[in-house]
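So you know, we letter chains A, B, ... as the sequences are listed, proteins then strands, and number each from 1.
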Number of protein chains: 2
Amino acid sequence: MSKCEQCIVREFSSLKALTKDELIKLSDCKTSLIIKKGEVIFEEGENVNGIYCIKDGICKLTKLSANGKDHIVKLVTKGELLGQRSMISDEPVNLSAVALEDMQVCFIPKSEVMGYFDKNNQFSMNVMKTICGDLKEADDHMVNLAQKTVKERLAETLLYLNDTFGKNEDNSLKVQLSRDELASIIGTATESCIRLLSDFNKLGLIELTGKKIVLKDITKLKKLAE
Amino acid sequence: MSKCEQCIVREFSSLKALTKDELIKLSDCKTSLIIKKGEVIFEEGENVNGIYCIKDGICKLTKLSANGKDHIVKLVTKGELLGQRSMISDEPVNLSAVALEDMQVCFIPKSEVMGYFDKNNQFSMNVMKTICGDLKEADDHMVNLAQKTVKERLAETLLYLNDTFGKNEDNSLKVQLSRDELASIIGTATESCIRLLSDFNKLGLIELTGKKIVLKDITKLKKLAE
DNA sequence: TTAAAAATATGATATTTGTCATATTAAAGA
DNA sequence: TCTTTAATATGACAAATATCATATTTTTAA
């Protein structure tokens, strides 16, 4: 079993505040998991008795809306923790987590994490700051959904994917989303999303090759996103 | 100057975890403020060096969107704290706070509050739980904005206002929002909001008398909100 | 009290977005 | 490989929503 003391990913999450002793103890009680693309880590409404630390891969956090469609609330990648909100609120998770690519994930039981809150103030502050960051992001996102057009939101989302997850050697966006998933990030119908991608393609803003998307004119995309 | 030990409102916020000694010290360093309807408590981008505890009244938290319109992210009322996220993240506030009616508010400087985080674990947990609650609410809100129609959002918002802030003796909603403000909660044009209110009125779902709104058929409104 | 300004209301119309139908392409399994 | 299924694409149309114009009412302030 891999050791948390040597895990580089730890440095990017709230767990960086843990002492050497805490890390050794953590190594013993954590569970390492391999999650395949498309597999569910947890489902909305489930009781998740701990948090997940993402060592590698990307997943989507979705929420089922009243009309039966999934909405993608957030994409999460290595170095981030899942299930913090649920653990702190002592409630079932309000979002589902599904792998967008093969993932390596460690599960840390609640009992272990809650101990850090009492004993390690820096850890508490780190978690708080993360959640505060999520809240600010959610506010921004909310305003965009309420005030921007679908076209603006698509442009913005493409830029976000580029900035946050980078690109492959062929310049295509690293995160591979289906048109359906992309539509459920920007909050529109799949057909509308496809149509706008076609428009962007014709305008030379992007290049579509199968599922791959290459951003060709970032300046114009930024203008479009307002 | 009023004393925090005797303030009933305290019991409804994270501050309920404070000890008697902490409360006495708090009374000395807090500032009591009277904010008139329409006045700004703080503005997006400002550095707010502490938190505000709402003793009485209601205010709106707004965010300016790229198109120049304000979006109302949240309504906040007595017993709640303002500025926690900003203080914890050590960043300027990301939202503006404007009074919707006359308010009584206490300002507590950052230096004082930050001390509680170190010394009073229950206080930390309370704050964390509050912010986690806000985050969950924001996620829900986001999905609604992305997936529901304007009509559904209006019905839902009217029910929310009724449930959260109650009604006057004449059965009209207690929070007095302009059509413009209502539109900027549900994320639509003012005219669309007015038009739908008229429709609801004609359908007998609500009753409009000037600015006053009375919910006449809550069952049907709930069905409309899905 | 009255004039001016702001808020509310409604019609006409344009634009955006969603839905349904259907074709085409790509992916998965037998 | 072939067949089946799912994903992508596009047209035609319908519905939702925004915008602009203008009337009416309410509020504000001189």
Do the side chains of Lys36(A) and Asp102(A) get close enough for a salt bridge, i.e. N-O under 4.0 angstrom? no

Let me know the distance between CG of Asp199(A) and P of dT16(C), rounded to the nearest Å. 11 Å

Rounding to an integer number of Å, can you tell me how far Leu145(B) CG sits from dT17(C) P? 15 Å

Please list each protein N or O that sits under 3.5 Å from an N or O in nucleotides 3-9 of chain C, with the distance.
unit_1	atom_1	unit_2	atom_2	d
dT8(C)	OP1	Lys211(B)	NZ	3.3
dT8(C)	OP2	Arg179(B)	N	3.2
dA9(C)	OP2	Arg179(B)	NE	2.8
dA9(C)	OP2	Arg179(B)	NH2	3.3

List the atom of Arg153(A), the atom of Asn144(A), and the distance in Å for their closest heavy-atom pair. CD-O, 3.6 Å

Are there any protein N/O atoms within less than 3.5 Å of an N/O atom in nucleotides 13-15 of chain C, and if so, which ones and at what distance?
none

Those residues at least two apart in sequence (or on a different chain) that pass side-chain hydrogen bond (donor to acceptor under 3.5 Å, both in side chains) with Asp70(B) are none

Calculate the interatomic distance between Asn67(A) atom CG and dA15(D) atom P; express it in whole Å. 18 Å

Compile the donor-acceptor pairs under 3.5 Å between side chains in residues 207-221 of chain A and protein atoms, sequence neighbours left out, one pair per line.
unit_1	atom_1	unit_2	atom_2	d
Asp217(A)	OD1	Thr219(A)	N	3.4
Asp217(A)	OD1	Lys220(A)	N	3.1

Show me, pair by pair, the donor-acceptor contacts under 3.5 angstrom made by side chains of residues 183-195 of chain A, not counting sequence neighbours?
unit_1	atom_1	unit_2	atom_2	d
Ser184(A)	OG	Glu181(A)	O	3.3
Thr190(A)	OG1	Asp180(A)	OD1	2.8

Can you find an N or O donor on one side and an acceptor on the other, under 3.5 Å apart, linking the side chain of Arg195(A) with the base of dG18(C)? no

Nearest-angstrom distance from the residue atom NZ of Lys151(B) to P of dG18(C): 16 Å

Write down the distance between NZ (Lys202(A)) and C1' (dT8(D)), rounded to a whole number of angstrom. 13 Å

Please report the distance, rounded to the nearest Å, between CD in Gln147(A) and P in dT17(D). 15 Å

I want to check one thing: is the phosphate of dT16(C), taken as OP1 and OP2, less than 4.0 Å away from some side-chain N or O of Ser192(A)? no

Sequence-distant partners of Tyr52(A), ring pair (Phe, Tyr, Trp, His ring centres under 6.0 Å), two or more places apart: Phe42(A), Phe107(A)

Can we say Glu91(B) and Lys136(A) salt-bridge, meaning some charged N sits less than 4.0 Å from an Asp/Glu carboxylate O? yes

Inter-residue atom distance Glu152(A).CD - Thr157(A).OG1, 0.5 Å rounding: 11.5 Å

Between Asp199(B) and Lys151(B), is the closest basic N to carboxylate O distance under 4.0 Å? no

Provide, to the nearest angstrom, the distance between the NZ atom belonging to Lys37(B) and the C1' atom belonging to dT28(D). 13 Å

